[in-house]
Enquirer: 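Structure incoming, see below.
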Amino acid sequence: MKKKNFLTTGEFARLCKTTKETLFHYDRENLLKPRHVSGNGYRYYGMEQFFDFDMIAMLKDTGSSLKEIRAHIHNTDAGDFLSLLEEKRRTVKKERARLAQRETMLRDMSCQVREALNLAYDAFGVQEQKEEHLEIVATKGTAQDSVIDFVERFVEYIDFYEKQGRKPRSPFGVILDWTDIEKAHYFERYYFCQATRSTPRSLLHVKPAGNYAVLAHKGTVKTHMKAIETFLQKIEAAGLTAAGNCYCYDMMSYVLLGSGNMYAAKYCVRAG
């Protein structure tokens, strides 16, 4: 063996801008074995093996596993290689869509948290609100429902989206009927979230633009019921008439309060 044509493990690692541990691992995985091993166990790599290492690095950059790379190295076939590349392209496309969905979710949640932090809780007001396109799902709730019933319905709602491979976009909330509220029946008729391009027409709901009476509150179920009663009284005291849907927006309760017994919500009902 002419040593000038070979590199030690350390020299070859520096040439490839990697570590000796990586080369040892590739050896164990039967990906890149040294060209020569001396009697005392020293490993030597040929200069031309740089290109073998570079191919492994390139395939790793495509997202290929070491198992896939090993299969290609031991069965070099242009057709199989093309199939591998096309499979990785499909994987990247799916990952890009997943990351885009995550970015949208983070943006929506940031907006919700920012609003929740800036809300004046338990302060009644009237606001002009823009038209809003919502995606709604009926809950089949009744005035006799228990907390357990509510939780089970919410789980069904989450399952509804998971089965479609979708996630509901913020803001999230429930729709109460104002005639139910006037009878002290505080149960949700619908769940809602922000509508998207993929929202089926059958689930699309338009929250009309107009003046809305607004009250935000954070507390327990009991204090929220009391807050809604106060909301009713303040609307009447302001000489306003409310009707139709009451939109109850969740104000990122998990983030703000962290307890399952406490939640923050903003109630909006069209009033004039």
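Quick caveat, the model's predicted, so the values are computed rather than measured.
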Enquirer: Side chains of Val269 and Phe231, heavy atoms from C-beta outward: is any pair under 4.5 Å?
Expert: yes
Enquirer: Is the cationic atom of Lys207 (NZ for Lys, CZ for Arg) positioned less than 6.0 Å from the six-membered ring centroid of Phe192 and within 45 degrees of its normal?
Expert: no
Enquirer: Do Asn211 and Arg270 have side chains that approach each other closer than 4.5 Å (heavy atoms only, starting at C-beta)?
Expert: no
Enquirer: Kindly say whether Lys33 contributes a backbone atom to a donor-acceptor pair with the side chain of Gln49 at under 3.5 angstrom?
Expert: yes
Enquirer: How far apart are the C-alpha atoms of Tyr157 and Thr139, what are their side-chain angles, what is the distance that settles it, and do they pass the side chain to side chain contact (heavy atoms under 4.5 Å, CB included) test?
Expert: CA-CA 8 Å; Tyr157 174 71; Thr139 68; over 6 Å; no
Enquirer: May I have the list of side-chain donor-acceptor pairs in residues 65-73 shorter than 3.5 Å, sequence neighbours left out?
Expert:
from	atom 1	to	atom 2	distance (Å)
Ser65	OG	Glu68	N	3.2
Ser65	OG	Glu68	OE1	3.4
Glu68	OE1	Ser65	N	2.8
Glu68	OE1	Lys88	NZ	2.9
Glu68	OE2	Lys88	NZ	3.3
Arg70	NH1	Glu29	O	3.1
Arg70	NH1	Glu29	OE1	3.1

Enquirer: Are side-chain heavy atoms of Phe12 and Arg35 found at a separation under 4.5 Å?
Expert: no
Enquirer: Are Gln129 and Tyr247 close enough that a side-chain donor and a side-chain acceptor fall under 3.5 Å?
Expert: no
Enquirer: Can you check whether Leu176 reaches Glu188 side chain to side chain, under 4.5 Å on heavy atoms?
Expert: yes
Enquirer: Atom CZ of residue position Phe50 - does it have more than 12 heavy atoms of other residues, nucleotides or ligands inside 6.0 Å?
Expert: yes
Enquirer: Check the side chains of Asp149 and Ser146 for a donor-acceptor pair under 3.5 angstrom, ignoring hydrogens and angles.
Expert: yes
Enquirer: Tell me, with the steps shown, if Gln233 and Glu236 meet side chain to side chain contact (heavy atoms under 4.5 Å, CB included).
Expert: CA-CA 5 Å; Gln233 294 166 4; Glu236 186 177 349; 5.8 Å; no
Enquirer: In the single-linkage hydrophobic clustering (I, L, V, M, F, W, Y; side-chain heavy atoms under 4.5 Å), do Met58 and Leu31 co-cluster?
Expert: yes
Enquirer: Before accepting this row, confirm whether a basic side-chain N of the pair Glu86/Arg89 lies closer than 4.0 Å to the acidic partner's carboxylate O.
Expert: yes
Enquirer: I'd like to know if Glu156 pairs up with Arg153 as an ion pair, taking the criterion as any Lys NZ or Arg NE/NH1/NH2 lying under 4.0 Å from an Asp or Glu carboxylate oxygen.
Expert: no
Enquirer: So, for Met109 and Ser170, which heavy atoms are closest and what is the spacing to 0.1 Å?
Expert: CG-OG, 4.1 Å
Enquirer: Closest approach of Ala116 and Met251, non-hydrogen atoms and distance?
Expert: CB-O, 3.7 Å
Enquirer: Within the 4.5 Å heavy-atom criterion, are Cys193 and Tyr161 side-chain neighbours or not?
Expert: yes
Enquirer: If you compare all heavy atoms of Lys218 against all heavy atoms of Ala264, which two are closest, and at what distance to 0.1 Å?
Expert: CB-CB, 3.7 Å
Enquirer: With heavy-atom distances below 4.5 Å as the criterion, would you say the side chains of Val113 and Leu117 are in contact?
Expert: yes
Enquirer: Quick test of your reading of the model: are Glu135 and Arg166 salt-bridged, counting only N-O distances below 4.0 Å?
Expert: yes
Enquirer: Side chain to side chain contact (heavy atoms under 4.5 Å, CB included), that's the test. Do Tyr191 and Phe154 meet it? Break it down for me.
Expert: CA-CA 9 Å; Tyr191 291 118; Phe154 184 72; 3.7 Å; yes
Enquirer: Can you see whether Tyr267 engages His217 through a side-chain donor-acceptor pair at a distance of less than 3.5 angstrom?
Expert: no
Enquirer: Any chance you could lay out the side chain to side chain contact (heavy atoms under 4.5 Å, CB included) test for Tyr190 and Asn245, step after step, and finish with the verdict?
Expert: CA-CA 10 Å; Tyr190 298 91; Asn245 295 317; 5.9 Å; no
Enquirer: Under 3.5 Å, side chain of Asp108 to main-chain N/O of Met105, donor-acceptor pair present?
Expert: no
Enquirer: Considering only heavy atoms from C-beta outward, does the side chain of Gln101 approach that of Lys167 to under 4.5 Å?
Expert: yes
